There are 2 protein chains.
Amino acid sequence: MVTLKDVAKKANVSPSTVSRVMSNSKDISENTRKKVTKIMDELGYVPNITARKLVTNQSNTIGLVLKTISIEMRQNPFFTEVLTSISSVCEEKRFSTIMTTSYTSEDLLNEVKALVLSKAVDGFILLYSMENDPIYKYLVDNEVPFVVIGKKINNDPNVMFVDNDNIEASYNLTKYMSGLGHRSLLFLSENNTYEVNKDRLTGFLKVCKEDNIQHKYVNEVVSRDEITNLLINEDIRKNYTGIVTTDSMLNLNLLSALYKLNVNIPDDIQTCTFTDSYLSESACPPQTVVNIYPENLGKIAAKSLLEILQKEDAVMHSSIIPTSIIERDSTKQLKS
Amino acid sequence: MVTLKDVAKKANVSPSTVSRVMSNSKDISENTRKKVTKIMDELGYVPNITARKLVTNQSNTIGLVLKTISIEMRQNPFFTEVLTSISSVCEEKRFSTIMTTSYTSEDLLNEVKALVLSKAVDGFILLYSMENDPIYKYLVDNEVPFVVIGKKINNDPNVMFVDNDNIEASYNLTKYMSGLGHRSLLFLSENNTYEVNKDRLTGFLKVCKEDNIQHKYVNEVVSRDEITNLLINEDIRKNYTGIVTTDSMLNLNLLSALYKLNVNIPDDIQTCTFTDSYLSESACPPQTVVNIYPENLGKIAAKSLLEILQKEDAVMHSSIIPTSIIERDSTKQLKS
DNA sequence: TTGAAAGCGATACCAA
DNA sequence: TTGGTATCGCTTTCAA
């Protein structure tokens, strides 16, 4: 194995010089730089990252903290898109990523602590936002740099948030439905623990009030069977003209339930949801959605964190990613 | 920050002793073990993994090599399930994982080389199998331990493969369709570059021949629109009673196309596919599938690799994961 | 069963 | 602009 010392010896310089060449230090002559670079190539030298980490005390990796939820959550296209964009930003800056794997909140906290204490990561990106989150608190208390993808909480000036304006997004989507002529809407949400769902409900209710739309919102009805029962109980075809879901996987289950009940979209009822992905694009039928641009959420989050980590003069700032509505076959103008 | 030396000093022992306690060395007295453990707890000592890596020259992380394909590939539930199960096995054994991020085969090879040369990983899991793969060759040539999830190639005794018997799986699925009374089937496949798709076609054709089933197989027709055109051209309702797809995302597009054409499943036509996941379970309607148990593929692959890495006496072996058919609403007995 | 000390391969400080 | 060298935190001989 070729080490820095080998290079130094062969090039007739000191280890420090070689190190400087690698870090692109500017106080080094063009001559020695060339010489050293050449030798490095000849020898096929590859720096040992571990050794570097030990002395710099920097891991050059960031931790990705996922929600403590079922495996299905991790298959949610929203996450894979965010994750992919984070990875590619990191890749560019020669950072690695490491993802949490815990399913209970207790395990998760411990996992994060272990990552911090063992110096395995330089910072975190939290892929959720939740009030009274012990992990949030731990990171703040221990001054570990991190950014949150999700809603701002506590108004802590030392924490960066990257989010959409979900109230607005939901307001726009509902307003769009209202514009199509809907006067009775059903709103389905997985739960109301996370901030994002609260906001989407808020936006929905605002339009309902403004435009005098009959409505009902239901939480925690998630599986295909549960939804089927709900649709039957609500006599869906008769009492509603549209259904809004907060999530693309929930929407998937809804469509499956409607298919089972032989309710046609958009003729018998119309549907729309949040978070665009192949799931919505290739649904039965393709769904009108709010695109929240997960790839931008991830990109900005990663860039912001890396900036904090690498630049002295980086300035804390939160970001709001704009959203847009994509119209597809699941909605259309209602005949009056 | 608490280091091993701090613990040693406080416990009045040497660093070596503390190190031995951590590694569960057996030549250490019960007394000192207890004493040291207690101090470690008191001080909240967490070993610095980086330092350990440097001296042991082991990274305790394994590299996951993904196909060089579009982002959609990474959203395929098959991958997320395999990945999740690999991660959880690694987590248990205190290994980390690192995933490749390259999209071109050239970049991918370089990424793998860099991982090897910088000692960033101890071994790899390849999440695909392909003939004449330069990465495969590189790993073999450089004696890097790895296991392949996918079909055995080259019959190399020094490489471990974990796979399903896809010929058999496809045979069984097609036989099942035949048993329902189907006598004309359409077979859709994304491509025939990877071994897995070749095998699935082979199994399909075998049954068609045995049971005298009219059939047609089509590659590279993937998007919703392409499929829609195909279905129209083939006059699908009239000429076929069933459609087999090789992949759950392809199946998703098929269902969307059928929905658009107002073709009902299973009344107008029946469908089935490979790889179970929420996509198939919550489809319109839920799909009959071959479960290839991605979680077991990942689990066995990870366990096999870790065994090689950790145990002296580990013995090379390839594994075949059994498959099974899950019957759902998309198929039923055909009335004759 | 324990301790002393020599590294592992980089970086970074202090001198020159 | 360069070199010498202590150092990061741990493991691992070798000796006691």
Side-chain angles (χ1 to χ4, degrees), chain A residues 1-37 39-40 43-61 94 96 114-122 310 312, chain B residues 1-37 39-40 43-61 94 114-122 310:
Chain A
M1 185 185 179
V2 184
T3 74
L4 178 145
K5 278 185 185 169
D6 298 331
V7 176
K9 200 174 292 173
K10 184 111 184 247
N12 267 320
V13 295
S14 75
S16 350
T17 304
V18 178
S19 180
R20 284 184 193 108
V21 170
M22 284 199 290
S23 60
N24 264 313
S25 161
K26 58 179 160 21
D27 36 60
I28 206 156
S29 77
E30 203 43 46
N31 248 334
T32 47
R33 163 162 291 137
K34 270 185 191 157
K35 183 172 65 181
V36 171
T37 313
I39 303 272
M40 292 202 303
L43 264 43
Y45 169 70
V46 178
N48 183 316
I49 294 167
T50 307
R52 182 181 294 161
K53 278 185 193 171
L54 183 58
V55 38
T56 59
N57 207 11
Q58 282 214 348
S59 65
N60 269 42
T61 101
R94 318 222 142 258
S96 321
L115 251 21
V116 172
L117 293 173
S118 63
K119 305 261 180 198
V121 302
D122 297 333
Q310 298 191 305
E312 307 273 316
Chain B
M1 180 181 184
V2 185
T3 73
L4 178 144
K5 277 185 185 169
D6 299 331
V7 176
K9 200 174 289 171
K10 184 112 185 247
N12 266 321
V13 295
S14 75
S16 355
T17 303
V18 178
S19 179
R20 286 186 190 106
V21 169
M22 284 198 290
S23 60
N24 263 313
S25 162
K26 58 180 163 15
D27 36 59
I28 207 154
S29 77
E30 204 43 45
N31 247 333
T32 47
R33 163 162 291 137
K34 270 183 191 157
K35 184 172 63 182
V36 171
T37 314
I39 304 273
M40 293 201 304
L43 263 42
Y45 170 70
V46 178
N48 183 317
I49 294 167
T50 307
R52 180 181 294 162
K53 278 185 193 172
L54 183 57
V55 36
T56 59
N57 206 13
Q58 281 215 346
S59 65
N60 270 39
T61 100
R94 317 222 143 260
L115 252 21
V116 172
L117 292 172
S118 63
K119 304 262 181 200
V121 303
D122 297 333
Q310 298 190 305

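Predicted, not measured: the structure shown is a model, and the values here were computed from it. The sequence lines fix the lettering, A, B, ..., with proteins before strands; numbering per chain opens at 1.
Among the nucleotides C:dA10, C:dT11, D:dG9, the one closest to the side chain of B:A51 is D:dG9. Ranking C:dA10, C:dA4, D:dT1 by closeness to the B:R20 side chain, first place goes to C:dA4.
Rounded to whole Å, the distance from CG on A:D27 to C1' on C:dC13 is 13 Å. Atom-to-atom, CE of B:M22 to P of C:dT2 comes out at 16 Å; the value is rounded to the nearest Å. As a whole-Å value, the separation of B:N57 CG from D:dT12 C1' is 14 Å. With rounding to whole Å, A:L4 atom CG is found 13 Å from C:dC8 atom P. In this structure, B:K119 atom NZ and C:dA10 atom P are separated by 11 Å, rounded to whole Å. Rounded to an integer number of Å, the gap from CZ of A:R33 to C1' of D:dT1 is 12 Å. The distance between atom NZ of A:K5 and atom C1' of C:dA10, rounded to the nearest whole Å, is 9 Å.
Within the 4.0 angstrom heavy-atom criterion, no nucleotide atom of any strand lies near A:V18. Contact annotation for A:N12: backbone-only contact, meaning every heavy-atom pair under 4.0 Å involves sugar-phosphate atoms and none involves a base. Residue contacts shown for A:N31 are absent, as no nucleic acid heavy atom lies under 4.0 Å away. At a threshold of 4.0 angstrom between heavy atoms, the contacts of A:S29 are confined to the sugar-phosphate backbone, with no base atom among them. Residue contacts shown for A:N48 are limited to sugar-phosphate atoms, with no base heavy atom under 4.0 Å away.
Contact between B:V18 and B:M40 at its shortest, heavy atoms only, is CG1-SD, 4.4 Å.
For B:T32 and C:dT2, the shortest distance from a side-chain N or O to OP1 or OP2 is below 4.0 Å. Between D:dG9 and B:T3, no contact under 4.0 Å exists linking OP1 or OP2 to a side-chain N or O. Residue A:S14 has no polar side-chain atom (N or O) positioned under 4.0 Å from OP1 or OP2 of D:dT2. For A:S19, a side-chain nitrogen or oxygen approaches OP1 or OP2 of C:dT11 to under 4.0 Å.
A donor-acceptor contact under 3.5 Å links the side chain of B:S16 to the base of C:dA4.
Of the residues near DNA chain C, B:I28 and A:P47, the one whose nearest nucleotide (by heavy atom distance) lies more toward the 5' end is B:I28. Toward the 5′ end of DNA chain C lies the nearest nucleotide of B:K26, the other residue of the pair B:K26 and A:R52 mapping further downstream.
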Check the pair A:S14, A:T17 against side chain to side chain donor-acceptor pair (under 3.5 Å), reporting the backbone distance first and the verdict last. CA-CA 5 Å; A:S14 75; A:T17 304; 3.2 Å; yes

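With no hydrogens or angles considered, a side-chain donor-acceptor pair links B:S25 and B:D27 at under 3.5 Å. Counted by atom type alone, B:T32 and B:S29 present one or more donor-acceptor pairs between their side chains at under 3.5 Å.
B:V36 pairs with exactly one of B:I28, B:V13, B:N31 by the side-chain contact (heavy atoms from CB on, under 4.5 Å) rule, that one being B:V13.
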